[in-house]
> 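To start, I am sharing the structure in question, which I have written as C-alpha cells.
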Number of protein chains: 2
Amino acid sequence: MDTARKRNTAREESLEVILHHAEQIFAEFGFKGATMQAIADASGLPKANLHYYFPTKLALYREVIERIFTIWLEAANSFDTSANPREALTRYIRKKMEISRAHPCGSKVWANEVIQGAPIIQDYLQTTLNEWTDTRIRVINRWVAEGKIATVDSRHLLYMIWATTQHYADFQHQVVTLNGGKRLNDAQWDAATKNVTEIILKGIGA
Amino acid sequence: MDTARKRNTAREESLEVILHHAEQIFAEFGFKGATMQAIADASGLPKANLHYYFPTKLALYREVIERIFTIWLEAANSFDTSANPREALTRYIRKKMEISRAHPCGSKVWANEVIQGAPIIQDYLQTTLNEWTDTRIRVINRWVAEGKIATVDSRHLLYMIWATTQHYADFQHQVVTLNGGKRLNDAQWDAATKNVTEIILKGIGA
DNA sequence: GTCTATAGAATGATAGAC
DNA sequence: GTCTATCATTCTATAGAC
C-alpha cells in the first residue's frame with residue numbers, strides 16, 4: 001500500500017468514526033444539545049480533530065443528515081412501481097422496518113430535525129421527497145382506479161406507513177420500556193413487521 | 001376583587017403565559033436548544049421573572065411535560081373499555097387526531113423527550129403508561145378471543161394508532177411542506193382522520 | 001494529521017434596587 | 001412581583017507547537 005493510499009485510508013477511517021458517533025450523539029441530545037466535546041470523546045479523538053475534518057458543527061450535522069437521507073432513498077427504491085400492491089407494499093414496509101432496526105439513530109436525527117421545523121433539510125423536503133411522494137401517490141391512485149385496492153387517500157396511506165415503521169426507531173426507548181426494558185428480539189421484530197404489513201394490506205383491501 | 005385574589009390571578013396568568021410559550025420553544029428547539037432568554041422574549045417578560053416562577057430550566061420543562069401528559073391521559077379515557085371495537089377505536093383515534101391538531105407542540109415536546117431516551121419522563125413510561133397499556137391490551141385480546149376482531153398483536157396495534165395519529169403533530173412540518181406549504185384545512189383533517197380510522201378498522205376486521 | 005491551550009460568545013442563574 | 005446588571009460556566013472555534 002503506497003503512502004497516498006495510506007493517507008486516504010486514515011482519512012476515511014477518521015471520517016467514518018466521527019460520523020458514526022456524531023449520529024449517535026445528535027440522536028441522543030439533538031443538534032443543540034450535542035457538543036463537539038461529546039462527539040470527540042465518543043470517537044476517541046481530541047475536539048480539535050473534528051474541526052480539522054468538519055469546519056463547523058453545522059457542517060458535521062449536515063453530513064450526518066445526508067447519510068440518513070441516502071439510506072432512506074434506498075428504501076424508497078424498494079417501492080417497485082411495476083409490482084402489484086401486495087408485493088410492492090410488503091417489500092417497502094419490510095425494508096423500512098429493517099432500516100428502523102439497523103439505523104435507529106439516523107431515524108431519530110431525521111425525526112428531531114423535522115419536529116424542529118426542518119431548518120437544515122427543508123430543501124430535501126421540497127424537492128427530492130416531494131417528487132418521490134408524487135410518483136408513489138400516482139402509483140397508488142392507479143391501483144385504486146384499477147380496482148386492485150379499496151378507495152383510499154394515497155397520501156395518508158404513505159404517512160401511515162412512514163409513521164408506523166419509523167415509530168420503532170424514533171420511539172425505540174418507549175417500545176423497549178413497555179417491553180419490560182428489553183430490546184425487541186428477532187421474533188418480536190418479525191411479529192411487528194408481519195402485524196404492520198397485514199393490518200395495512202387488509203385495511204386497503206389488497 | 002380583593003387584593004389576595006388579584007395577586008393569585010396575576011400569578012396564574014404569568015404562569016399560564018410562561019408555560020404556553022415554553023411549550024412552543026421547547027418543541028421548536030428541544031430542551032437544550034431552548035433558552036430561557038427565548039422563552040422570556042416570547043412571553044414578553046424579563047428573563048429573571050422566569051426564574052422567579054420556576055427555579056430552574058429543568059423545573060419549567062417538567063411542568064410543560066406534565067401538562068402534555070395530562071392531556072394525553074384524557075384521550076386515554078376515550079378508549080372506553082366497555083364499548084365494542086368499532087366504537088372504542090373510532091372514538092380513540094378521533095380524539096388522538098384532535099389532540100394532534102390542537103396541541104402539536106405538546107406532542108412534539110413529548111416526542112423529543114422519548115427520542116432522546118426519556119431522561120425526564122422515564123418514571124411515567126414505567127408506571128402510568130405501562131399500566132394503561134396493559135389494561136388496553138387485555139381489552140383488545142378479549143375482542144380477539146371473542147371473535148370480534150381478527151387475530152392481531154394488540155401491542156403493535158396500539159403502537160400503530162399512536163404512531164399514525166401523532167405523526168400529524170410531530171411531523172407537522174413535513175406534512176405541511178408536502179401539502180404545498182399550506183396547513184391542513186378542516187376537510188383535510190377530516191379526510192386524514194377518516195382514512196386512518198377506516199384502514200385500521202378494516203385492517204383488524206372490526 | 002494530531003494535539004494543547006485559549007480566545008470569544010452565549011447561557012443558566014442570582015444579587016439587589018425598585 | 002418586576003427589572004437591570006452581572007457572575008460563573010460552558011461551548012464553538014482557532015492558533016500554533018509537534
Side-chain angles (χ1 to χ4, degrees), chain A residues 1-65 109 112 116 119-120, chain B residues 1-65 109 112 116 119-120:
Chain A
M1 194 184 286
D2 61 25
T3 52
R5 173 63 191 272
K6 214 183 276 177
R7 266 203 307 280
N8 270 345
T9 304
R11 177 177 184 83
E12 278 155 27
E13 268 174 23
S14 288
L15 282 171
E16 182 56 37
V17 166
I18 293 170
L19 284 167
H20 173 74
H21 291 97
E23 184 177 288
Q24 299 198 337
I25 300 292
F26 280 129
E28 188 172 347
F29 301 102
F31 173 71
K32 195 65 190 284
T35 67
M36 295 297 269
Q37 187 66 63
I39 297 170
D41 291 348
S43 306
L45 293 168
K47 197 173 51 164
N49 288 30
L50 270 59
H51 285 285
Y52 173 73
Y53 286 106
F54 301 95
T56 64
K57 181 183 176 181
L58 188 62
L60 173 54
Y61 181 73
R62 247 181 228 277
E63 273 291 315
V64 169
I65 285 274
V109 176
N112 242 318
Q116 298 180 15
I120 310 295
Chain B
M1 194 185 288
D2 61 24
T3 52
R5 174 64 191 272
K6 214 183 274 176
R7 266 203 306 279
N8 271 345
T9 304
R11 178 178 184 82
E12 278 156 26
E13 269 175 20
S14 288
L15 282 171
E16 182 55 37
V17 166
I18 293 170
L19 284 167
H20 173 75
H21 291 98
E23 183 176 289
Q24 299 198 336
I25 301 291
F26 280 128
E28 190 172 347
F29 301 102
F31 174 70
K32 195 63 191 285
T35 66
M36 295 297 270
Q37 188 66 62
I39 297 170
D41 291 348
S43 305
L45 292 167
K47 197 173 50 161
N49 288 31
L50 270 59
H51 285 285
Y52 174 75
Y53 287 106
F54 302 93
T56 64
K57 182 182 174 181
L58 188 61
L60 173 54
Y61 181 72
R62 248 181 227 278
E63 273 291 315
V64 169
I65 285 273
V109 175
N112 244 318
Q116 296 180 17
I120 311 297

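All chains are named by letter (A, B, ...) in the order of the sequence lines, taking the proteins before the strands, and each is independently numbered beginning at 1. Being a predicted model, the structure only gives us computed values, none of them experimental.
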> Protein within reach of the bases, or only the backbone? For nucleotides 11-18 of chain D, mark each nucleotide 5' to 3' as B, S or -, using heavy atoms under 4.0 Å.
SBBB----
> Whole angstrom is fine here: how far is it from CZ in B:Phe29 over to P in C:dT11?
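Taking atom P of C:dT11 as the reference, CZ of B:Phe29 is at 11 Å.
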> Take the protein atom CG of B:Leu50 and the nucleotide atom C1' of D:dC3, then report the distance between them rounded to whole Å.
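Those two atoms, CG and C1', are 13 Å apart.
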> Listed by chain and number, what are the side chain to side chain contact (heavy atoms under 4.5 Å, CB included) partners of A:Ala48, not counting sequence neighbours?
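If we apply the side chain to side chain contact (heavy atoms under 4.5 Å, CB included) test to A:Ala48, skipping adjacent residues, there are no hits.
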> Residues in side chain to side chain contact (heavy atoms under 4.5 Å, CB included) with B:Tyr52, at least two apart?
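Expected list: B:Arg11.
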> Between C1' on C:dG1 and CG on A:Asn49, what's the gap in Å once rounded to a whole number?
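It is 7 Å, rounded to the nearest whole Å.
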> Base, sugar-phosphate alone, or nothing: which one does B:Tyr53 contact when heavy atoms must sit under 4.0 Å apart?
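The answer is sugar-phosphate, as B:Tyr53 gets under 4.0 Å only of primed atoms, P, OP1 or OP2.
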> B:Asp41 has an atom CG; how far is it from atom C1' of D:dC3, in whole Å?
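So the two atoms are 14 Å apart, to the nearest Å.
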> Once ring-ring contact (aromatic ring centres under 6.0 Å, His included) is applied, do any residues pair with B:Tyr61, and if so which ones, sequence neighbours excluded?
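Here the qualifying residues are B:Phe26, B:Phe31.
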> Got a list of side-chain donor-acceptor pairs under 3.5 Å for residues 36-44 of chain A, not counting sequence neighbours?
residue	atom	partner	partner atom	Å
A:Gln37	NE2	A:Asp41	OD1	3.1
A:Ser43	OG	A:Ile39	O	2.8

> Kindly state each residue pair satisfying salt bridge (Lys or Arg N to Asp or Glu O under 4.0 Å) with at least one member in residues 16-35 of chain A, sequence neighbours excluded.
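Non-adjacent pairs meeting salt bridge (Lys or Arg N to Asp or Glu O under 4.0 Å): A:Glu16-A:Arg67.
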> In whole angstrom, what separates B:Ile25's CD1 from C:dG12's P?
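Rounding to the nearest Å, CD1 of B:Ile25 and P of C:dG12 are 12 Å apart.
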